[in-house]
Amino acid sequence: MIALVDCNNFYVSCERVFNPRLEGKPVGVLSNNDGCVVARSAEIELLGVAMGMPAHQIDPHIRRQCTLLSSNYALYGDMSRRVTDVLSQHTPHVDVYSIDESFLSFEGFEPESLEERCQVMRKQVRRDTGIPVSVGLSTSKTLAKIANHRAKKEESFAGVAIMHPNSDDTRVFLKRLPVTEIWGVAGRIAARLQTLGIETAWQLREAEPKRLRQHFSVVMERIIYELRGVDCIHLDDMTQPKQQIMVSRSFGRLTNNKTDLYEAIRAHVSRAGEKLRKQQGLARAIMVFVRTNRFRSDLPSYNKSLIVPLQHPTDDSRELARAARAGMERIFKENIWYRKCGVMLMDLCDHDHEQLRLLAEPLSDEKRARNERLMAILDKLNREHGKNTVRLGIPRKENAWELRCEHRTPRYTSRWDELALAKT
DNA sequence: TGGGCGTCT
DNA sequence: AGACGCC
C-alpha cells in the first residue's frame, strides 16, 4: 500500500503554530512579491478567495476581513523537515514529493492495521510539529491522492481515508468524480477528454489505454492504469540531480536601471551556484534573460534571453557571474521598464565526470583546489550563519529588484534574533 | 497578476 | 521551443 501524506493548508498551518490567534480566522499566504494567494485557511476559502488569485483582485470588502501574510519560506522549509522527520519514523520508504506532501510506501506491512497505523502517525505529526495532516491510502499514487482528498473533505474519515481499487465504494466515488480532480489532468486535457465523451474518473479508468495514448501521451496511459490501482508513476527521479537550474524573480517595482539588473543577476547567479554545488554539478553554459511586464500593454514589451557558453565547466559563482554579466550587457536595452530577470545554468555535468577540453587552457590543480575551498567556505558560512552572510558584492539600498513582502512573519525557527517569545 | 521544475510533442 | 502539468 501507498500513503500520500499531505499537510492541511500547509503555509497557513505553519503560521498558526506560532500565532494561535489566527486559528478559526480567514487567513491567506501570498506568493513572492505578495502576488497571488498560494495557501488558504478553510475560512478564507468560504469567503470566496480562490487559489492562485492575484491579491489585488480580492474584493476590498472581503480583504478587510482577512489576514494576508507574505510567504516565509525559511519557516515553511524548516517545518516541512520536521514533518518528514516524523513520517520517517513510521516507514523507511518516504518520498518527499513537495514542501507539504510525501508518498510513503507500506510494502510488507499488514494491510489490516494500516489505517490505524496512519492514525497514530497523523496524531504524532500533530503533537510533535503542530501541523495537521491528512492521509490517503491505496495501491497507486493517483488513487492515494484521491483518497487524500476524501480524507480532507469528508469528516467521517477523521483524516485517514483508504480506497481499495476494486471496491463498490471506489466505483461509486469515481463515477461522481470529474476528471479535473485527477492528478495530472487539468483544464486543457479535460476539455479534450470531453470531446471523447470522458468526463468522470470512472469513464477514464474504463477507457482503452492504448487508444488514449494515441490521443494524448504515455502519461495519460499511465493515469488510466493508476486509476485501476496499478502503481506505475515512479518518483525515484526526485533525488536525481537537476538537468537545469533556474533562478529568477520579478522585481518589487519596475526598473529601467542597468545597475538594478546587474545586481539582481548577480544575486540570482549566487543562488544558482549554491544549488549547483549542492548537487555536485558543473555548468557548461549559462542563460540570462530579461522581460517586461506582460500585463502592461501601455509600455513597450521586450523579452530577451542569451546563452553564454563557459570556457570550461564550472561551479564557481564568480565565473558564472562574469559570464552572466557579459550576457546581460549584450541584452540590456535602455528606456525599457523591466519587470523580471533571471539565469539558468545549463548543460550540467557531474563534478567527477568533468571532460577536459582539448583546446581550453586547463586550470592548474592548485588554482582549482583554491577556488573549490573558497566556494565551500562561502556555502558553509551561508548555511550556518544564514543566507547572504557572505555574498558577491553588496546591493545598493532601496534597489528596485528586492522583493516586496510587507507582511512577513518572523523566521521563528531558523534565526536566533527572531525566535518566538514565551511570555512569563 | 510567483517561481521552479518536469515530460512530451 | 512550446504546451501542459504540478505544487
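Below, chains carry the letters A, B, ... as their sequence lines are ordered, and counting in each starts from 1.
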(request) Taking the side chain as every heavy atom from C-beta outward, state whether A:I286 and A:V269 have any atom pair closer than 4.5 Å. (result) yes

(request) Measure from OH on A:Y76 to P on B:dG3 and round the result to the nearest Å. (result) 16 Å

(request) Report yes or no: do A:D78 and A:T413 form a side-chain donor-acceptor pair below 3.5 Å? (result) yes

(message) Does B:dT1 have its OP1 or OP2 closer than 4.0 Å to a side-chain nitrogen or oxygen of A:R296?
(response) no

(message) Both A:Y73 and A:Q244 contact DNA chain B. Which one's nearest nucleotide lies toward the 5' end?
(response) A:Y73

(message) For A:R249 and A:N33, which I'm curious about, is there any donor-acceptor pair between the side chains at under 3.5 Å?
(response) no

(message) Near DNA chain C, counting only heavy atoms under 4.0 Å, which residues of residues 175-191 of chain A show up?
(response) A:I182, A:W183, A:G184, A:V185, A:A186, A:R188, A:I189

(request) Check the distance between B:dC5's C1' and A:M344's CE and give it to me in whole angstrom. (result) 10 Å

(message) What's the closest nucleotide to the side chain of A:V219 if the choices are B:dG6, B:dT7, C:dC7?
(response) B:dT7

(request) Using a 4.0 Å heavy-atom cut-off across all strands, classify A:I245 as base, sugar-phosphate, or nothing. (result) sugar-phosphate

(message) Restricting to side-chain contact (heavy atoms from CB on, under 4.5 Å), what partner residues turn up for A:K275, sequence neighbours left out?
(response) A:I245, A:V247, A:R271

(message) Which residue is it: A:R205, A:R222, A:E226? I am looking for the one with a side-chain hydrogen bond (donor to acceptor under 3.5 Å, both in side chains) to A:T142.
(response) A:E226

(request) Look at A:K145 and C:dC6 and indicate whether a side-chain polar atom (N or O) is within less than 4.0 Å of OP1 or OP2. (result) no

(request) Report yes if at least one side-chain N or O of A:S248 is closer than 4.0 Å to OP1 or OP2 of B:dG2; otherwise report no. (result) no

(request) Rounded off to whole Å, could you give me the CE-to-C1' distance for the A:M246 and C:dC7 pair? (result) 16 Å

(message) Quick check: on DNA chain B, is the nucleotide nearest A:S217 upstream (toward 5') of the one nearest A:R339, or the reverse? Name the residue that is more 5'.
(response) A:R339

(request) Return the value, rounded to whole Å, for the distance between atom NZ of A:K340 and atom P of B:dG2. (result) 7 Å

(message) Among residues at least two apart in sequence or on other chains, which ones pass side-chain hydrogen bond (donor to acceptor under 3.5 Å, both in side chains) with A:S305?
(response) none

(request) Give every residue pair that meets the salt bridge (charged side-chain N to carboxylate O under 4.0 Å, His left out) criterion with at least one member in residues 380-395 of chain A, sequence neighbours excluded. (result) A:K380-A:E384

(message) How many whole angstroms separate atom CZ of A:R249 from atom C1' of B:dT1?
(response) 17 Å

(message) Under a 3.5 Å threshold, yes or no: a donor from one side chain and an acceptor from the other, between A:S134 and A:N148?
(response) no

(request) Would you please name every residue forming a ring-ring contact (aromatic ring centres under 6.0 Å, His included) with A:F216, sequence neighbours left out? (result) none

(message) Quick check, does A:F295 stack with B:dT1? I mean ring centres under 5.5 Å and planes off by under 30°.
(response) yes

(request) For A:E101 and C:dG5, give me the distance from atom CD to atom P, rounded to whole Å. (result) 17 Å

(message) Between A:R192 and C:dC4, is there a contact of a side-chain N or O with OP1 or OP2 at under 4.0 Å?
(response) no

(request) Can you tell me, in whole Å, how much space there is between the C1' of B:dG2 and that of C:dC6? (result) 14 Å

(request) Grab the CD1-P distance between A:I233 and C:dG5 for me, whole Å please. (result) 14 Å

(request) Show your reasoning for whether side chain to side chain contact (heavy atoms under 4.5 Å, CB included) applies to A:I377 and A:V390. (result) CA-CA 10 Å; A:I377 288 169; A:V390 186; over 6 Å; no

(request) Return the residues of residues 32-69 of chain A meeting this criterion: a heavy atom under 4.0 Å from some atom of DNA chain C. Order them by number, or give none. (result) none

(message) In this structure, how many angstroms lie between the P atom of B:dG3 and the CG atom of A:L30, rounded?
(response) 13 Å

(message) Which nucleotide wins on minimum distance to the side chain of A:K242, given the candidates B:dG6, B:dC8, B:dG4?
(response) B:dG6

